[in-house]
Amino acid sequence: MKQIYMDHHATTPVDAEVLEAMMPALTTEFGNPSSNTHAYGHAARYMVDAARAQVARLIAATSPDEIIFTSGATEADNLALKGVVHAKEHMADRNMITLAIEHKAVLDTAVRLEKEHVEIRFARMDPYGVVDLDDLEKKIDKNTILISIQAANSEIGTLQPIRDIGVIAKKHNVPFHTDAVQALGRCEIDVVRDHIDLLSISAHKMYGPKGIGALYVRKGIKLVPIIDGGGHERQMRSGTLNVPGIVGLGKAAEIAKRDLARESVRLLKLRNRLQEGILRRIDHVGINGHPTKRLPNNLNVTFAYVEGESLILACREVALSSGSACTSASLQSSYVLKALKVPDFLAHCSLRFGLGKSNTQEHIDIVIDLLEKGVQRLREMSPLYDMAREGVDIDGVRWSHHHK
Amino acid sequence: MKQIYMDHHATTPVDAEVLEAMMPALTTEFGNPSSNTHAYGHAARYMVDAARAQVARLIAATSPDEIIFTSGATEADNLALKGVVHAKEHMADRNMITLAIEHKAVLDTAVRLEKEHVEIRFARMDPYGVVDLDDLEKKIDKNTILISIQAANSEIGTLQPIRDIGVIAKKHNVPFHTDAVQALGRCEIDVVRDHIDLLSISAHKMYGPKGIGALYVRKGIKLVPIIDGGGHERQMRSGTLNVPGIVGLGKAAEIAKRDLARESVRLLKLRNRLQEGILRRIDHVGINGHPTKRLPNNLNVTFAYVEGESLILACREVALSSGSACTSASLQSSYVLKALKVPDFLAHCSLRFGLGKSNTQEHIDIVIDLLEKGVQRLREMSPLYDMAREGVDIDGVRWSHHHK
Amino acid sequence: MNIWDNYTEKVMDHYENPRNVGIVENANGTGVVGNPACGDVMKLTIRVVNDIIVEAKFKTFGCGAAIATSSMVTEMVKGKNIKEALEISNKGVMEALGGLPKIKRHCSVLAEEALRAAIADYRQNERKS
Amino acid sequence: MNIWDNYTEKVMDHYENPRNVGIVENANGTGVVGNPACGDVMKLTIRVVNDIIVEAKFKTFGCGAAIATSSMVTEMVKGKNIKEALEISNKGVMEALGGLPKIKRHCSVLAEEALRAAIADYRQNERKS
Ligand SMILES: Cc1ncc(COP(=O)(O)O)c(C=O)c1O
Ligand SMILES: Cc1ncc(COP(=O)(O)O)c(C=O)c1O
């Protein structure tokens, strides 16, 4: 039997409607949209134009021309940051402002830019990961060339006040980029109202296919491309257009807009049921991320004294992800929880639940049962649980360090 | 009725076998290969591993680890050039050697690198576009950090002596990159035998899907990524893996290898029939590119005194491409023909035939008939044809220049 | 929709059935414009009688749009006097064809220029005679 | 194939049905190794009689591999004398489990270290008494 899928922050299945829309581009309508001397090329161009308009509508962009297709949001984030920075190559001192809990696509790009002598400033956050707007504004100076702050966090689901950030950015005339990958289809975003200049999109996080995304680039924003060769996409991103992917992204955007209100309410109900069930039936539990300003489909929970992977194993009828070192090749616990000063020990005890379209109330009830049993069994095995019950302060003990 | 497709250099349809192989990844097996805590992620990882091995086998790579998946060959070319150059940031003087007839993905990237003070050296070619090996070797010096020479040209089909180039590159200890997009599935390539260090692949040129490609990176070659964020693909290319695309590329590679011998012989026959038919039935015709060292599926013909687009219109039952300005937004005639010193006037009179799996002998005969009639009709309308018959030297006339 | 859907049906009609192809016999005005290196050359010959263009023919090397605009301009000038003919603009030719794709607009300039060149040639011939 | 296919069936069996969970009553050797901040802590208690480990129990906070190696090491030491027990290596534990995924190898080190710590503690207790 298939596992119940509760890892929708990692990726989502392709909607049947989306796949259906893609099929012509994968079969008979296989032309290259750059081929303007025959009907195959023309048909491909129409499909791409239609999809561009669908994506523009999802975020209320003024014109479809402001949508630049990329291979995904990792590329979109790279293009936004590197593109803006490299367009200001003439400035000796440059800085950009971001958050320590951004996706690696932003953080690793920032590290790369640091090597090119761009100063990276991290705005302060509250313990839930919400940006401190005063601190953000204080960090802006005349050499600030970009603010990059995500709309929603993929681990803890915390939402940022993007409209407030947009207002501050506009006031200081600094371009504002937001990675909206997790928020799209779950929260309403309007690039005009929210004063967003650049916005990253990934299809496979909203029931579209993998390998396709987009960067919204407000008219007037200049970017140096990271991929050269032929000058596609308004000279900002070269390469033969991924027509089936683009059609899929377009359809996914259309559906996301259409179903947003209904689906986000449904997910919120399921998430709350999950949260309440866990809190009612399991003790020594903590919720990571903001109590209310969070994605309707996200829950991130620390089950103290139980290592995350071992708990996932106990729930292996369900596909889940953890903030645990033991599920990643790097053996580092979640950098997001770390940045929010969650002690490493507790970060290792955290699970992420990412709900989605396929999930039902029954799934929620199954996972609560599994968690309750699993936590109980694993705590009985846990030397830390014993210590805690005996009143030992776990943080106070001098532990041996066996991992280097 | 659908047009007969003869533009297989621009893109190819997805093979039915390839699409079938992709379907699981587009439906039930939708996991993210980075998700290592559940069965969806594991299944995705297996599919990616299998595809990586298929691609490695096509080019006889020593290890599947040497295959880095990208969004296509444009990105692969960018990664090869920028990746090698940026890994040598410490060198004050750097140069790379390439050809003036490379794909724009290489040429535009070279232009970008020139702005970063990398010297671009163009090796000489014969009038067919074949590299002059002596000149190539003379252009290498101690500051040469890369040779990038394509395996086959997408317009004129000329093949380069990549093994000879590889030997020279190895002798001087310079990494050798080849854009093999057009050659794969049509000519045999062996990265070990041919001493290739980096090789670009695009799925949609060999009956795979658009939006996926790969860069072969020989073990030991160091690249700085152009897309950062998470460290996928041996730290060389971040971003969620495009699993359906990768599976499609893998299957396409498998089929390309399997069918290479048979299909290339079949295409060669068809191409020769087309070439002979044209030469027999139409006068004032010239073949561009090498007479024998060329892709089996390529023919590039100049029909003097007839503008390319107008001839394509005359053959509009067939999907064709031209070297004409009037088919491109840039109004520039083919830079490839220009680099080979084909006069602009004749470049405008050129058509490219790109044969593929779907083409039959009947198609060839249809296109020859259409060309014959079209050329005759258009020459009757052509003032240049009159002048030529009157013995006027068209190049000697002082023409008005109405395009700026 | 047209298989060559960059073009209107009118453009395709003029491409496929161009009007007035050839050289006017006893032409008293000839205009040759364009450049083979740019991909289009148009030769327009006219016969003017009592200030009226009674005949106009073209020969064109160029894309479909160049051929169609050439054909259309010969139709438009016939029967017009010189003053009226000079009022024909590339915009007018395009409109008569139901429009042209953006990247093809320059082709219609060719037709206008050929017309002006032919009329200038006619006037010069007049002065000489 | 196992749904949790990083792990062998043996590992899964020891994760699901861990042997010897708990604290040995009247233990004369105790080892606690690891660090909660690194995601694993193992407490191994043993009772040694006449140089023979007659009882061994564990409590472990850690991933599936950590729990399975803990369970396996308690099985392996039982009935062995101290010298034989000290010959048990992390490799031996891994082999007994049919192997571990690469990124989990460090977990087996934990079991070896806990065993050595428990034996060292036993020796110290012996010396004291
Ligand atoms: C917030 C966020 N940004 C960026 C990405 C990267 O997007 P992609 O998978 O399209 O490269 C992801 C997902 O991995 C994400 O969750
Ligand atoms: C020789 C060559 N290199 C590179 C490319 C670019 O590949 P892609 O379409 O995968 O970006 C193409 C095709 O456009 C090509 O023909």
With respect to chain B, which residue among [options] yields the maximal number of heavy-atom pairs within a distance under 4.5 Å?
options	answer
Pro13(A), Ala105(A), Gly230(A), Ser71(A)	Pro13(A)
Gly248(A), Pro225(A), Gly231(A)	Pro225(A)
Ile227(A), Val18(A), Thr28(A), Val243(A)	Ile227(A)
Ala73(A), Gly31(A), Ala44(A), Ala25(A)	Gly31(A)

Strictly by modelled atom types, are [X] and [Y] linked by a side-chain donor-acceptor pair under 3.5 Å?
X	Y	value
His9(A)	Gln182(A)	yes
Ser238(A)	Lys104(B)	no
Glu155(B)	Ser334(B)	yes

Inset, instruction - Decide yes or no on side chain to side chain donor-acceptor pair (under 3.5 Å) for Asn78(B) and Thr109(B), but give the supporting numbers first. - result: CA-CA 6 Å; Asn78(B) 272 261; Thr109(B) 302; 3.1 Å; yes
Mind ranking [options] by heavy-atom pairs under 4.5 Å with chain A and telling me who comes out on top?
options	value
Glu89(B), Met23(B), His103(B)	Met23(B)
Val111(B), Asp108(B), Ile246(B), Ile212(B)	Asp108(B)
Leu79(B), Leu107(B), Asn242(B)	Asn242(B)
Leu320(B), Asp15(B), Val14(B)	Leu320(B)

Where on [X] is there a heavy atom nearer than 4.5 Å to chain B: the side chain, the backbone, both, or neither?
X	value
Leu241(A)	backbone
His204(A)	side chain
Leu19(A)	side chain
Ser35(A)	side chain
Met6(A)	neither
Phe69(A)	neither
Asp7(A)	side chain
Thr12(A)	backbone

Inset, instruction - Using the salt bridge (Lys or Arg N to Asp or Glu O under 4.0 Å) rule, take Glu75(A) and Arg237(A) through it: C-alpha gap first, then chi angles, then the decisive distance, then the call. - result: CA-CA 10 Å; Glu75(A) 186 189 330; Arg237(A) 204 286 187 178; 2.6 Å; yes
Inset, instruction - Would you confirm whether His232(B), through its side chain, and Gly239(B), through its main-chain N or O, come within 3.5 Å as a donor-acceptor pair? - result: yes
Inset, instruction - State whether the number of non-hydrogen atoms from other residues, nucleotides or ligands found under 6.0 Å of Glu20(B) atom CD is greater than 12. - result: no
Tell me, do [X] and [Y] make a side-chain contact under 4.5 Å, heavy atoms counted?
X	Y	value
Asp77(A)	Val181(A)	no
Arg112(B)	Lys82(B)	yes
Ile4(A)	Asn359(A)	yes

